[in-house]
Number of protein chains: 2
Amino acid sequence: MSTPPISRRARPAKAPLSRDVIVRTGLDILDRDGLDALTMRRVAKELDTGPASLYVYVANRDDLMAAMLDEALGRVPLTADGTWRDQIHALANATVEAMSRHEGLATVALGAIPTSDNALLVLDRMLALLKEGGLDDTTAAWAVDLIYLHLAAAAAEESAYTTKGGEEDDTIAAADRRYASLDPRRYPMITSLRQALFSPGDRDAWGLNVLINGILHTPAG
Amino acid sequence: MSTPPISRRARPAKAPLSRDVIVRTGLDILDRDGLDALTMRRVAKELDTGPASLYVYVANRDDLMAAMLDEALGRVPLTADGTWRDQIHALANATVEAMSRHEGLATVALGAIPTSDNALLVLDRMLALLKEGGLDDTTAAWAVDLIYLHLAAAAAEESAYTTKGGEEDDTIAAADRRYASLDPRRYPMITSLRQALFSPGDRDAWGLNVLINGILHTPAG
DNA sequence: ACCTGAACACCGTTCAAGT
DNA sequence: ACCTGAACACCGTTCAAGT
């Protein structure tokens, strides 16, 4: 009673493989089921093929993830309105957003000097803003590196908190309880400043302002 | 002619398993053969047992890596001489050092709010220095978070460059060539500032000074 | 030329069964 | 009570063999 598997040829035409479709499928899997689900085999299955077929378009898993990061960064709006500071904040927030909404991608950014098309577009735009702010070449150059590092780290942190199993609030509450139970003799500052450590507020915006103000006050070289 | 395997009981006494010896063995493997070699099975083999035995002392691989990070941070000297700035730099450099010399550990720090004994000791000491600098509680609290994030990111980056296959210089040279080949119309700032982007200098010290100066000029809240 | 089945050499983790 | 052999359910990557 069982029918033999329908030959590939007889089935409806399958979307042809390409680097692009593989990358987008990877991003979909990441968003739907997280970093652990992002395996070559899973991507292949989603595309109705075997894992070996992916290697025609992608060197390996790291290469795929780098391409996924680039794709995600391609969705960052490169221009914004407002003051100079507003524009830096907008570009920075969009970059963090783009990285942190896909679990594990920020870590890729932390692991290599940016060389992909869309990462370089973000960097180029940030560099233009920094030069507009009156920085000399060296300071602007070092600053863009520092800011990009910070954005990737902020995205990695955010991504870890929002994705890892439970809710962000649970993670914070657990840390708060841990801090509350510390020995004040061993950890005098943490115990006495615990309130401040968990105080609410826009830390991302503050952190970026720290960087901007610091860069303005600290010539490189 | 072959002898049967000597029974466990007959062999020289094996060092007893413990969380501590597992953690230190993990660190050894990381240093000797890198992150990919750090598997539960490899740790077990090094300790002359099976992977299942590790789970008595360690919840899983993530737990092991977190414990390894804590062990590494335990080697950070918490006090230093010099000016206020010198002391911050010394603590920061030692922290980056501790993380970056073991491939992949910095990433662990980026993925969770610090709650381990030795991470908290570093934080407590940094908090004391920040308060000494005259910061209010909230600013000091937010600042220690920001600095720790930056140190972990700096360590992750450094670790990636120094460990990943070839030499650091090769990675930079490759990036430089890539930047040199970019279309100036699409990447006007990167191409015109390429010299500055790859200019030598102590970027770590500069980056930390940016943070310190920025924090001093940017009250939180 | 392009694609892929099958295999290789591994993983982390669990648990029933041993001592 | 403590430990672990063996198994489960996977991995990334390669390559010979197919069309």
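Only this structure's heavy atoms are used, side chains among them; waters, hydrogens and symmetry mates stay out. All values derive from a computational prediction rather than experimental measurement. To find a chain, count down the sequence lines: A is the first, B the second, and so on, and within it residues start at 1.
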At under 4.0 Å, does any side-chain N or O of [X] touch on OP1 or OP2 of [N]?
{"X": "Tyr57(A)", "N": "dC2(C)", "value": "no"}
{"X": "Ser53(A)", "N": "dT4(C)", "value": "yes"}
{"X": "Thr39(B)", "N": "dC11(C)", "value": "yes"}
{"X": "Thr49(A)", "N": "dT4(C)", "value": "yes"}

Given Watson-Crick and G-U pairs under 3.5 Å, DNA chain C in dot-bracket ([ ] crossing, | other strand) is ||.|||||...|||||.||

Do NZ/NE/NH1/NH2 and the carboxylate oxygens of [X] and [Y] come within less than 4.0 Å?
{"X": "Arg32(A)", "Y": "Glu46(A)", "value": "yes"}
{"X": "Asp28(A)", "Y": "Arg24(A)", "value": "no"}
{"X": "Arg186(A)", "Y": "Asp124(B)", "value": "no"}
{"X": "Asp117(B)", "Y": "Arg178(A)", "value": "yes"}
{"X": "Asp70(A)", "Y": "Arg75(A)", "value": "no"}

For Leu127(A) and Ala140(A), the nearest pair of non-hydrogen atoms, with its separation, is CD1-O, 3.5 Å

Note: Ala109(B) and Tyr148(B) closest approach over all heavy atoms is CB-OH, 3.9 Å

Figure out the [atom1]/[atom2] separation between [X] and [N], and round it to whole Å.
{"X": "Lys45(A)", "N": "dA9(D)", "atom1": "NZ", "atom2": "P", "result": "13 Å"}
{"X": "Leu17(A)", "N": "dC3(C)", "atom1": "CG", "atom2": "P", "result": "7 Å"}
{"X": "Arg19(B)", "N": "dC2(D)", "atom1": "CZ", "atom2": "C1'", "result": "18 Å"}

Spacing of the C1' atoms in dA9(C) and dA9(D) (rounded, Å):
16 Å

query: Between dA17(D) and dC2(C), how far is it from one C1' atom to the other, in whole Å?
result: 13 Å

Practice item. Carefully, step by step, assess Tyr179(A) and Tyr187(A) under the rule ring pair (Phe, Tyr, Trp, His ring centres under 6.0 Å). Key: CA-CA 9 Å; Tyr179(A) 285 20; Tyr187(A) 302 102; 8.8 Å; no

Notebook entry, point to check: Looking at side-chain heavy atoms only, is the closest gap between Thr107(A) and Met65(A) below 4.5 Å?
Noted result: no

- [ ] Would you indicate whether the side-chain heavy atoms of Leu38(A) and Arg61(A) approach each other to under 4.5 Å?
- [x] yes

Here the residues of residues 63-70 of chain A within 4.0 Å heavy-atom distance, strictly under, of DNA chain D are none

Distance-only, no hydrogens or angles: does the Glu157(A) side chain make a donor-acceptor pair with backbone N or O of Leu110(B) under 3.5 Å? no

For nucleotides 13-17 of chain D, list the nitrogen or oxygen atoms of the protein found under 3.5 Å from its nitrogen or oxygen atoms, one pair per line.
residue	atom	partner	partner atom	Å
dT13(D)	OP2	Tyr55(A)	OH	2.8
dT13(D)	OP2	Arg61(A)	N	2.9
dT13(D)	O5'	Tyr55(A)	OH	3.3

